[in-house]
Every structure is written in C-alpha cells, then in structure tokens.
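This chain uses plain numbering: 1 for the first residue, then up along the sequence.
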Amino acid sequence: MIEIKVPELAESITEGTIAQWLKQVGEQVNQGEYIAELETDKVNVEITAEHSGVIKEFKKEPGDTVEVGEVIAVIDESGDASASTEAPAAKEEPKAEPKAEAPKAEAAEETQEETSSTDRPLASPAARKLAREKGIDLKEVATNDPTGRIRKQDVESHQSQPKAAPEAKSEAPAKKPQATAADQPGKPVERIKMSRRRQTIAKRLVESQQTAAMLTTFNEVDMSAVMDLRKRRKDGFLEKNGVKLGFMSFFTKAVIGALKEFPLLNAEIQGDEILMKKYYDIGVAVSTDEGLVVPVVRDADRLGFAGIEREIGSLGKKARDNKLAISDLQGGTFTITNGGVFGSLWSTPILNAPQVGILGMHKVQWRPVAIDQENFENRPMMYIALSYDHRIVDGKEAVSFLVKVKELLEDPEQLLLEG
C-alpha cells in the first residue's frame, strides 16, 4: 500500500483544505495523474499520484483541513479497478447459506448502492465551493455544458430557481438554511463559512494595519496625453504585439521610474534593518471570485510596454482561472491596484506587507480644470493614492514619489527616457 501525503507547498504554507477529490475509491490512477485539489491560503494546488495503482481509501473528506505531510489517501499498487470494485461484494456472501442466491444479490445491490453514492458529479472547483457554502447537492444541479461539467453559474441558476413547496415531513429541514440571530429573534440570516483564502486576506490586511505606520497621500493626473497616445497607437500596437495597449503598462513604467529616484519605497523592514531591493518585481492586484490576489510581474524594468501588458494579461487570466502558482505571488517589491475598473473615484489602499508602498489607481473622470487664471477645459482626470509605511518613508519622499509618477504620466515621452 502506498500512502498519499500532502506535499511541501511553500515556506509560509503549512496546511490547506481538501477542495475536491478528482478520483474515486476503487478507480485506477496512473503515476503523475491528479487525484485531489487542495485549497491553500494563496492558491489552489493539485496533488498528483506518485505511483500507479487503485485508490483504496480516502482518509479525508472535501472541506477537511490537512497539514503538510499528512496522509490523505491510500493506493494499492497491486490492485486493479475491476478487482477493487468486485471485492466488497464477495465479502458480503454469507457463510451459513452458501447455496442461497438471495443474500448474494442483496450484497451486490448494497455494493452497487455504495459505489453510486460515492459518485461525484463533474464540477469546477468554484462550483463545488459555492455548492458547499449554500448547502446545494450538485446531483440536483442541471448544466448546459456538453461535457456534463457543472459550472459556478449553473449552481447560481439552481439557487435562484423557486423551490417547490415542502411536504409535511420536510417542514423541519426547510427551516435549516435560515438561522436567527440571538439579538434579532425572527430575523432571517445566513451563515457562510469564510474560505481559507478570504480568511488569509482578512488576517493579512489587519496585520498590515497593526504593524505598519501606514499613511496615504493623494494627487491627481491629467490623463489627456496618455489617452491621446493610446488612441493614436493602439491599432498599430495591437497588430505588432498581439496585445492591447492599456493603462497598466504606463503606470508600471511610471512607478519604476519613480522607484529608481526614491528607492526607499522599493524596500522593506527586516527587524532593525532596511532591505534595499535593487530589482523591480511589481505586484498587480487582481480581483477574482475567490478574493483579491497580487501576482507579480518579474523584472518589470527590463520589459517594454508590450512585455508588461502581455505579462499582466497572462497573470490576470491565470488568476481568474485559478491557475496561479505560489511562485507567481511571492516576492513583489511594490504593488499597483486599480479600483477604477469598478468605478472607484477615491480610495486609500492598504499595504501589501512586507512591502512599504502601494499605488492606487482610480476611475478616469472628465471634469473642468483651470488651465490658467481665466480659462477652463474639460480634461480626463484620475485621482491617484500612495499608501506608505511611515516608519522608513517620510512624507516629503512619499509626496515627491507621487509627484514624479504624475509628471511621467502627464508627459509619457519621458517614460521612454526612463528606460
């Protein structure tokens, strides 16, 4: 028998939650095949079988918390799928009446029932997670997917469908989904267990506010020059590079230019020392169904506009598809977050510890701007916010950093000179 254990994940990750089993007990599995999906604090990891054989036993159920090195399943190297599924029926044969056929049939019936009860509908991790949270049986969810795979939207559609009136016998269970708060008797509430990732996000954000002397400074950027440049160059850029020219490459380049001039914002505190980083791994916050993640664009200073846009697009897709690796999220030196895509006009971003700086982008809003003492023009304006750790970054340096970002964006030709 071969034991399947939770593998080493990363230095900072010691446990996870079984999201779903990708195989069934009694099923043949080949070496290297995925058998389980593990939800960790940062990403979902698929666990592979290191040996071929038949899955003998699952020691953990979906939703159970497991630690690195813990045994979660057992594989029988010498077995085969057919023998594994027939074996239980053979054990049920009664010894007292070997000639009677009825007990044998009953045993086979029970075995078949047990096998079918362990059949798990084919579903995406997001769909399975939502179903667990809402208490929905996936076997009752209909899907239009030709492969039969249940998607998150299928679960949402099933949930929104009106439920049939319960029979008299099911009156008690019908009350179960709604609980009443002690201080508000009779008021309907719903308890939803926080996902491991949401718990981690909450914990890290609170820790960041409690451990850093966080302060935020603001400025505004006239986006006329950037928008005009994009308008003139976007078609040729797309044709040449196969990727659209967005705002993020301009902001990433501007941030790198400002970090080179004000290097303390690219540092971190380690004990009583300041670690000055001479490289520029820029984190880009991405919102997903599972929560906010910050994949990192490595050596962004060495990439051109097309390289940055391509990398951000790739990381964003991996984040939304839940395919990010732990290495994609580690080691950023500075973070950019864009609340403007959701319509935010003004916000104070929270530091992504142990980093000491984060830039917040916002919605581009047309509004009248004074050109001189007598004239106004409608301009596309964006508020930008810099949250920083006041323990090592002074107000003068933070404000100057943000002014530098503003200057580079309002004269984007300087970005080329910044390299």
Side-chain angles (χ1 to χ4, degrees), residues 1-93 107-108 110-129 131-133 138-139 149-150 193-197 199-200 290 321-330:
M1 297 293 178
I2 301 296
E3 294 180 335
I4 301 296
K5 299 180 180 180
V6 179
E8 292 287 340
L9 301 169
E11 288 183 8
S12 60
I13 298 178
T14 58
E15 63 179 21
T17 301
I18 299 291
Q20 65 171 327
W21 288 107
L22 305 176
K23 296 288 185 178
Q24 300 176 21
V25 173
E27 188 173 349
Q28 180 75 34
V29 61
N30 297 320
Q31 183 179 7
E33 274 193 292
Y34 295 126
I35 64 168
E37 184 177 18
L38 188 70
E39 181 185 1
T40 72
D41 295 344
K42 296 180 179 179
V43 295
N44 282 22
V45 179
E46 289 173 321
I47 299 177
T48 58
E50 297 183 359
H51 299 81
S52 298
V54 174
I55 297 178
K56 184 76 174 178
E57 178 187 4
F58 288 146
K59 292 188 174 292
K60 296 292 179 179
E61 295 295 326
D64 288 350
T65 297
V66 294
E67 297 181 353
V68 171
E70 189 172 354
V71 177
I72 58 174
V74 177
I75 289 180
D76 183 359
E77 281 187 297
S78 60
D80 59 65
S82 58
S84 174
T85 54
E86 289 171 5
K91 290 180 181 178
E92 294 293 332
E93 292 182 12
E110 289 175 5
T111 305
Q112 187 176 359
E113 237 179 73
E114 185 181 337
T115 305
S116 62
S117 68
T118 59
D119 288 344
R120 293 169 56 79
L122 187 62
S124 68
R128 204 172 291 281
K129 177 177 177 295
R132 284 202 308 270
E133 293 175 349
L138 285 174
K139 294 179 181 179
R149 187 179 182 86
I150 299 171
K193 183 176 175 61
M194 291 174 67
S195 68
R196 175 174 293 276
R197 190 172 304 166
Q199 292 178 47
T200 302
E290 301 292 326
D321 293 343
N322 207 19
K323 297 296 183 182
L324 284 173
I326 294 173
S327 58
D328 292 326
L329 303 170
Q330 294 178 325

- Output the distance between atom CG (Asp76) and atom CD1 (Ile2), rounded to the nearest 0.5 Å. 9.5 Å
- Looking only at heavy atoms, the pair that brings Gly53 and Gln28 closest together is O-NE2, 3.2 Å
- Rounded to the nearest 0.5 Å, the CD1 atom of Ile47 sits from the NZ atom of Lys5 at a distance of 13.0 Å
- Item | Closest non-hydrogen atom pair, Ala49 against Val29 | CB-CG2, 3.9 Å
- Task: Look only at the side chain of Glu33 and the backbone of Thr48, and say whether a donor-acceptor pair between them is shorter than 3.5 Å.
- Result: no
- Query: Pick one: which of Ile35, Leu38, Val66 meets side-chain contact (heavy atoms from CB on, under 4.5 Å) with Ile72?
  - Reply: Val66
- Between Glu61 and Ile18, what is the shortest heavy-atom contact and its length? O-CB, 3.7 Å
- Smallest separation among heavy atoms of Ala19 and Pro62, with atom names: O-CB, 3.9 Å
- Task: In sequence, state the C-alpha distance, the side-chain angles, and the governing distance for Lys59 and Val74, and then conclude on side chain to side chain contact (heavy atoms under 4.5 Å, CB included).
- Result: CA-CA 8 Å; Lys59 292 188 174 292; Val74 177; 3.7 Å; yes
- Query: Does the pair Lys23 and Ile75 meet the rule for a side chain to side chain contact (heavy atoms under 4.5 Å, CB included), with working shown?
  - Reply: CA-CA 12 Å; Lys23 296 288 185 178; Ile75 289 180; over 6 Å; no
- Item | Which atom of Glu50 lies closest to which atom of Ile4, heavy atoms considered | N-CD1, 4.5 Å
- Message: As an exercise, state the distance from NE2 of His51 to CD of Glu3, rounded to the nearest 0.5 Å.
- Response: 11.5 Å
- Indicate yes or no: at least one non-hydrogen side-chain atom of Asn322 is less than 4.5 angstrom from one of Glu37. yes
